[in-house]
Amino acid sequence: TSNYTCPDHLYSVQIFSEDPLIIYIPGFLTESEAQYLESVSSGRFTSSQIADQSGQQHLASTRTSRSTSLHSDEVVRCIEERALQFQGYDIPRTHLEPLQAVQYSIGEKYAPHTDWFTSSLQTTEEYGGNRLSSFFVYISTSEDIIGGGTQFPLLEAPKDERWCRFVNCDAGWDDGVTFRPIARNAVYWRNLQNAKIGKERTGDRRTLHSGQPVQRGRKLGMNIWTRESGLDGKYRNEIV
Ligand SMILES: O=C(O)CCC(=O)C(=O)O
Ligand SMILES: [Fe+2]
């Protein structure tokens with residue numbers, strides 16, 4: 001309906017790391033938003049693809065989930081606004097890629113990767129440059145889920161056990177940190193390091209991460225990617 005107004009956000013924030021900047025966001029989505037995203041994405045998934053060095057999208061054994069881009073309707077628009085405002089008030093909507101829902105069934109995963117691109121073919125002006133930041137949002141997870149965490153192998157595991165609510169504290173010390181897939185929460189991180197004067201921003205290798213295989217149950221997640229500048233209209237709001 002056209003008189004939908006965005007709900008006030010109910011999320012809280014917890015800095016996980018200042019460098020690289022990683023912020024954990026409990027309650028990023030409301031319960032009704034999560035339900036809505038589940039229903040609009042349902043039945044629209046196709047096998048996830050990845051971009052290779054030449055910029056071509058294709059299927060790969062490293063990413064076995066199924067995904068779909070979300071049409072920017074009024075509910076999605078509120079989530080986009082929330083993601084933009086989270087990052088300050090100076091990023092225009094045109095910097096956002098279409099939100100991407102990702103569904104994992106048993107055995108499905110996304111092997112270690114960075115969300116920022118190394119190929120200049122993926123960071124042209126039309127694409128709005130590289131991916132400045134990522135939110136990975138857990139829309140819904142089955143109650144019986146095992147696996148399906150988001151692992152950052154190059155980061156240090158937190159020492160304080162209060163993180164164990166959100167982080168898998170049973171992992172080994174050299175496994176880095178694994179955020180548990182908890183419905184409606186999100187992890188935000190900054191992909192690019194600030195540029196030296198006259199230089200381009202560079203990708204931060206420490207943001208390497210994976211979607212661990214789901215061993216039991218299922219997980220529905222969502223990527224919110226912000227580019228350095230505006231994307232050409234043909235790369236926004238496209239329905240794939
Ligand atoms: O599934 C996850 O936990 C992470 C997914 C991810 O990193 C991505 O889709 O780029
Ligand atoms: Fe990723």
Side-chain angles (χ1 to χ4, degrees), residues 16-17 20-26 28-29 34 37-38 41 44-52 57-70 79 83 96-119 122-123 127 130-142 145-155 166-168 171 175-192 203-227 235 240:
F16 179 81
S17 160
L21 181 61
I22 301 182
I23 300 176
Y24 192 82
I25 314 168
F28 183 73
L29 296 178
L37 294 175
E38 175 125 42
S41 59
R44 301 181 21 95
F45 290 95
T46 55
S47 297
S48 301
Q49 304 204 344
I50 59 164
D52 67 17
Q57 294 278 336
H58 53 77
L59 300 173
S61 59
T62 51
R63 191 183 191 199
T64 53
S65 56
R66 292 156 58 76
S67 45
T68 186
S69 20
L70 297 172
I79 297 165
L96 283 185
E97 293 183 40
L99 305 195
Q100 182 190 59
V102 199
Q103 174 163 336
Y104 297 83
S105 302
I106 292 177
E108 295 177 345
K109 57 151 201 256
Y110 193 170
H113 65 279
T114 59
D115 289 347
W116 53 272
F117 296 105
T118 50
S119 162
Q122 290 297 116
T123 59
Y127 280 121
N130 216 330
R131 285 177 175 154
L132 188 61
S133 68
S134 301
F135 291 80
F136 191 76
V137 186
Y138 308 101
I139 297 174
S140 67
T141 56
S142 58
I145 191 165
I146 297 183
T150 309
Q151 180 179 20
F152 291 77
L154 303 181
L155 298 182
F166 303 132
V167 158
N168 178 6
D175 292 338
V177 59
T178 302
F179 294 99
R180 293 162 48 204
I182 303 175
R184 307 200 313 279
N185 294 0
V187 187
Y188 167 87
W189 65 94
R190 180 137 172 140
N191 287 308
L192 304 181
D204 192 329
R205 292 167 188 278
R206 298 169 298 178
T207 64
L208 184 82
H209 61 281
S210 67
Q212 293 184 323
V214 169
Q215 289 159 31
R216 189 178 75 193
R218 77 183 255 287
K219 157 178 149 192
L220 179 62
M222 176 169 67
N223 284 300
I224 306 177
W225 285 309
T226 304
R227 295 277 180 156
Y235 296 122
V240 181

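Just so you know, residue 1 is the first one in the sequence shown, and it goes up from there. Since this is a predicted model, take the numbers as computed values, not measurements. Note that ligands are numbered from 1 as they come in the structure, with each ligand's atoms numbered from 1 the same way.
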Quick one: does [X] get within less than 4.0 Å of ligand 1, heavy atoms only?
X      : value
Arg63  : yes
Trp225 : yes
Phe179 : no
His113 : yes

Inset, instruction - Just say parallel, tilted or perpendicular for the rings of Tyr138 and Phe136, cut-offs at 30° and 60°. - result: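 Perpendicular, since the angle between the ring planes exceeds 60°.
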Inset, instruction - Could you pull out the atom name of the N/O/S atom in Asp115 that is nearest the Fe ion (ligand 2)? - result: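 Considering only N, O and S atoms, Asp115 comes nearest to the Fe ion (ligand 2) through OD1.
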Legend entry - Closest non-hydrogen atom pair, Pro20 against Leu155: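 What the structure gives for the nearest pair is CG-CD2, 3.9 Å.
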Inset, instruction - Heavy atoms only: give me the nearest Glu38-Leu220 pair and the separation to one decimal. - result: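 Looking at all heavy atoms of both residues, the closest pair is CA-CD2, 3.8 Å.
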Inset, instruction - Look up atom OH in Tyr188 and atom CD1 in Ile23, then write down how far apart they are to the nearest 0.5 Å. - result: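 Between Tyr188 OH and Ile23 CD1, I get 6.5 Å after rounding to 0.5 Å.
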Legend entry - Donor + acceptor pair across side chains of Thr68, Ser41 (<3.5 Å):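 Thr68 vs Ser41: no donor-acceptor pair found between side chains.
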Legend entry - Donor + acceptor pair across side chains of Ser134, Asn191 (<3.5 Å):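 Short answer, yes.
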Inset, instruction - May I ask you to identify, for His209, whether its side chain, its backbone, both or neither come under 4.0 Å of ligand 1 on a heavy-atom basis? - result: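 Answer for His209: side chain.
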Inset, instruction - Give the intermediate values and the outcome of salt bridge (Lys or Arg N to Asp or Glu O under 4.0 Å) for residues Glu108 and Arg66. - result: CA-CA 9 Å; Glu108 295 177 345; Arg66 292 156 58 76; 5.9 Å; no
Legend entry - Residues, nucleotides or ligands: over 12 heavy atoms within 6.0 Å of Arg205 CZ: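 It does not: Arg205 CZ has 12 such atoms or fewer within range.
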Inset, instruction - Pull out every atom of ligand 1 sitting under 4.0 Å from any heavy atom of Tyr110, numbered as shown with elements. - result: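 Every atom of ligand 1 under 4.0 Å from some heavy atom of Tyr110: 6 (C), 8 (C), 9 (O), 10 (O).
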Legend entry - Per-atom contacts of ligand 1 with Gly211, taking only distances under 4.0 Å to non-hydrogen atoms: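 Selected atoms, number and element: 1 (O), 2 (C), 3 (O), 4 (C).
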Legend entry - atom 2 (C) of ligand 1 [closest protein heavy-atom partner, distance rounded to 0.1 Å]: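 Its nearest protein heavy-atom neighbour is Lys219 NZ, 3.2 Å.
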Inset, instruction - Do me a favour and list the nearest non-hydrogen protein atom to atom 5 (C) of ligand 1 with residue, atom name and distance? - result: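 It is Tyr104 OH, 3.3 Å.
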Inset, instruction - Decide whether an N or O pair under 3.5 Å exists between Gln100 and ligand 1. - result: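 Checking ligand 1 against Gln100, no N or O pair falls under 3.5 Å apart.
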Inset, instruction - Have a look at the Fe ion (ligand 2) and estimate, to 10 degrees, the angle subtended by NE2 (His209) and NE2 (His113). - result: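 Centred on the Fe ion (ligand 2), the NE2/NE2 angle is 90° (to 10°).
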Inset, instruction - Have a look at Thr114, Asn223, Leu220, Thr150 and point out the one with the heavy atom closest to atom 9 (O) of ligand 1. - result: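 Minimum heavy-atom distance to atom 9 (O) of ligand 1 goes to Asn223.
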Inset, instruction - Quickly, which of Phe152, Phe16, Phe135, Phe166 forms a ring pair (Phe, Tyr, Trp, His ring centres under 6.0 Å) with Tyr24? Name it, please. - result: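 So the option named by the test is Phe166.
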